Each structure stands twice: as C-alpha cells, then as structure tokens.
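Keep in mind the model is a prediction, meaning the values are calculated, not measured. One-based numbering along the sequence shown.
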Amino acid sequence: MTSTNINSLGVAAARNNAEWCATVSRTHGTPGTFGEAAWTSARRTPPYYPDAVTLRPDAVPADILPGIDTASPGCSVKDSFGTLDLSSDGFVELFDAAWIHRPAGIPVAPTTGLRTEWVVSAGRLRDWQAAWHGDGETPDIFRPELLDDPSVRVVAVLDGARFAGGAVLNHSAGLVGISNVFAVDHSDVAAVWAGALTAAGEHFPGLPAVGYEQGDDLTPALDNGFATLGPLRIWLHSS
C-alpha cells in the first residue's frame with residue numbers, strides 16, 4: 001500500500017469516526033458542525049466522546065478552538081493525525097492510539113461456539129450497554145434513537161444466551177467503522193472481533209473496515225487482518 005493510499009484511508013477513517021461521534025451526539029441533542037478541517041460541538045458531548053475531531057492533517061487550533069467550549073470541565077479533542085500541539089491552549093495529552101484498516105474480501109476466522117445478533121430494541125440496548133460498561137453505574141451514552149439510524153448497527157456477540165461481547169458498526173465515507181468492541185469476563189476478544197467483522201460483511205457487504213485501538217487492545221484487531229494506518233491523539237483540557 002502506497003503512502004498516498006494510506007493518507008487517503010486515514011482521512012476517510014477520520015471522517016467515518018467523526019460521523020459516528022456526530023451521530024451519538026445528535027441523539028443527545030448536540031449534533032455539532034462539520035467544517036472543512038474539523039467536526040466541532042459547541043456543547044459538551046456525551047461521556048467518552050470528543051468535542052472536536054480533526055478531518056485533515058493540516059488542521060490547526062484555529063479550526064477547532066472557536067467552535068468548542070473550553071471553559072467547562074471535560075473538553076476533549078480527537079487529533080486524528082497526531083499533528084496538533086494544544087498544550088499552549090490549556091490541553092494535556094490523554095492518550096495516543098492507531099488507526100486500523102482491513103480491506104474488503106479477506107476471509108474472517110470462524111467463531112466456534114459464538115453467534116451474533118443485531119440489537120434492535122431499547123431494552124436489549126440497555127442490556128448491551130451494561131455489558132459494554134461492566135461494573136458500576138452504566139452511563140447514558142447509547143440511546144434508542146441510534147437503532148433507527150440506517151447507518152448504524154449494534155452487534156451483540158453471544159455465547160448461548162449470555163453476552164460474550166459486542167461492537168458498533170457505522171457506515172460512512174465508503175467504509176464500515178467498527179468501534180466499542182468489548183469482551184465480557186474471560187471471553188475471547190479476538191473471537192468477538194471476528195463476530196463483528198462477520199456481521200459487518202453481512203450488513204455492509206464489500207466494504208473495508210476501519211477503527212482505532214491502543215495498547216493491548218490493538219493485538220486482537222491485528223490478529224483479525226487489520227493493519228495500522230497512522231497515529232491519532234486525544235487531548236483533554238486541563239480546566
């Protein structure tokens with residue numbers, strides 16, 4: 001794969017992820033705004049979701065900061081290409097990660113003993129979100145309105161009747177984004193990835209897949225045929 005293709009895929013992956021962030025925020029009444037260089041939300045986004053996502057590697061702070069609220073706690077920016085320096089604007093680096101890409105048409109490893117199921121009801125979505133979050137009070141992030149969006153599919157990976165894991169698929173920019181991949185207890189996370197990819201191939205056939213991961217969470221994605229595209233960085237305002 002040439003550097004031009006990698007750069008093009010990186011831009012498409014960033015756009016796909018920004019579309020997903022905008023979709024989640026829209027269900028909370030904060031759709032945000034797409035500009036040429038970034039998607040931004042003037043109001044605080046749901047937990048774990050950024051207030052801005054850069055769409056181009058040449059984005060600069062002036063493309064982002066006027067459109068977000070840095071005065072209240074929790075403001076964050078997804079620097080999709082790891083090219084910004086927001087330290088002088090009151091931000092600190094939260095973590096680095098890597099974009100990943102999997103071409104269409106690669107066979108998916110069989111998931112022996114596991115099956116996938118679409119989440120199609122509000123009650124089932126609550127159960128899925130509780131499994132995704134684990135112990136403690138489940139945050140209000142994934143709302144039933146997501147289930148009405150044709151670009152989004154929520155996948156449950158099941159071992160018999162119990163959750164083994166799950167993922168979210170979103171279709172935009174000619175790609176399928178795979179995010180929020182999780183495995184419950186001692187379930188095989190690589191098998192959960194395989195289940196999510198199988199579901200993606202069934203519902204969004206013929207499309208490459210993208211996402212991002214960090215640290216040890218990157219390994220099961222690479223084991224399922226993904227390759228890294230490039231870096232991204234999450235910045236958190238220190239207020």
Side-chain angles (χ1 to χ4, degrees), residues 17-32 39-53 68-78 91-97 114 116-149 152-170 177-189 191-193 195-196 199 211-218 220-221 232-239:
N17 187 260
E19 294 276 6
W20 166 239
C21 293
T23 297
V24 174
S25 296
R26 190 178 301 116
T27 65
H28 289 254
T30 58
W39 171 81
T40 56
S41 175
R43 293 170 54 194
R44 185 67 67 247
T45 49
Y48 309 129
Y49 281 78
D51 299 272
V53 181
I68 60 178
D69 173 17
T70 59
S72 58
C75 181
S76 62
V77 171
K78 182 174 288 178
F91 287 81
V92 296
E93 296 179 25
L94 189 60
F95 65 84
D96 291 328
L114 300 180
T116 58
E117 174 186 277
W118 299 120
V119 175
V120 297
S121 70
R124 193 62 168 161
L125 183 60
R126 284 194 299 271
D127 294 340
W128 181 96
Q129 185 166 207
W132 165 83
H133 183 258
D135 296 335
E137 183 178 353
T138 304
D140 172 26
I141 299 175
F142 305 106
R143 293 185 169 178
E145 291 88 345
L146 287 173
L147 305 179
D148 299 325
D149 190 324
V152 174
R153 299 294 284 181
V154 180
V155 183
V157 180
L158 304 173
D159 182 359
R162 76 172 188 88
F163 282 104
V168 174
L169 312 177
N170 77 292
I178 302 183
S179 63
N180 297 283
V181 179
F182 71 94
V184 175
D185 298 329
H186 299 294
S187 298
D188 183 353
V189 67
V192 172
W193 271 99
Y212 74 88
E213 296 294 340
Q214 61 166 323
D216 292 341
D217 292 334
L218 186 58
L232 66 98
R233 178 170 297 134
I234 304 298
W235 293 88
L236 179 67
H237 200 265
S238 57
S239 61

| query | Is the Phe142 ring parallel, tilted or perpendicular to the Trp128 ring (thresholds 30°, 60°)? | reply | perpendicular

| query | What's the shortest heavy-atom distance between Gly195 and Thr116, and which atoms? | reply | O-CG2, 3.4 Å

| message | Could you tell me if the side chain of Tyr48 sits less than 4.5 Å from the side chain of Ser76, heavy atoms only? | response | no

| task | Ignoring hydrogens and angles, tell me if any N or O in the side chain of Thr30 forms a donor-acceptor pair with the backbone of Ser25 under 3.5 Å. | result | yes

| With Asp188, which residues qualify under salt bridge (charged side-chain N to carboxylate O under 4.0 Å, His left out), at least two apart? | none

| query | What closest approach, in Å, do Val192 and Ala164 show between heavy atoms, and which atom pair accounts for it? | reply | CG2-O, 3.9 Å

| Judged by atom type as modelled, is there a donor-acceptor pair below 3.5 Å linking the side chain of His237 to the main-chain atoms of Pro73? | no

| request: Answer whether the closest heavy-atom distance between the side chains of Val168 and Val155 falls below 4.5 Å. | output: no

| field | Minimal non-hydrogen separation, Ala196 against Leu169, with atom names | value | O-CD2, 4.1 Å

| message | Counting C-beta onward and ignoring hydrogens, is there a side-chain heavy-atom pair between Val53 and Trp20 closer than 4.5 Å? | response | no

| Between Asn170 and Thr23, is any pair of side-chain heavy atoms under 4.5 Å apart? | no

| message | Once rounded to the nearest 0.5 Å, what's the spacing between atom CG of Leu146 and atom CZ of Arg143? | response | 9.5 Å

| said: Between Cys75 and Phe91, is there a side-chain heavy-atom distance shorter than 4.5 Å? | reply: yes

| message | Could you check whether any side-chain heavy atom of Cys21 comes within less than 4.5 Å of a side-chain heavy atom of Lys78, counting everything from C-beta outward? | response | yes

| query | Do NZ/NE/NH1/NH2 and the carboxylate oxygens of Arg43 and Asp69 come within less than 4.0 Å? | reply | no

| said: Once rounded to the nearest 0.5 Å, what's the spacing between atom CG of Leu232 and atom CD of Glu213? | reply: 10.0 Å

| request: Ignoring hydrogens and angles, tell me if any N or O in the side chain of Asp51 forms a donor-acceptor pair with the backbone of Val77 under 3.5 Å. | output: no

| Pro31 to Trp39 - nearest heavy-atom pair and separation | O-NE1, 3.1 Å

| message | Contact between Ile234 and Leu236 at the side-chain level, heavy atoms closer than 4.5 Å - yes or no? | response | no

| Minimum-distance pair of heavy atoms, taken over all atoms of Gly165 and Val184 | N-CG2, 4.1 Å

| Would you call Phe163 and Leu158 a side-chain contact if the rule is heavy atoms closer than 4.5 Å? | yes

| Considering residues at least two apart in sequence or located in another chain, which fulfil the side chain to side chain donor-acceptor pair (under 3.5 Å) criterion with Asp96? | Arg233

| field | Which atom of Pro139 lies closest to which atom of Gln129, heavy atoms considered | value | O-OE1, 2.9 Å

| Gap between atom CG of Asn180 and atom CD1 of Ile141 - 0.5 Å precision | 8.0 Å

| said: Does atom CG (Asp140) have a neighbourhood of more than 12 heavy atoms from anything else shown, all under 6.0 Å? | reply: yes

| note | Sorted by chain and number, sequence neighbours left out, side chain to side chain donor-acceptor pair (under 3.5 Å) with Glu19 holds for Arg15

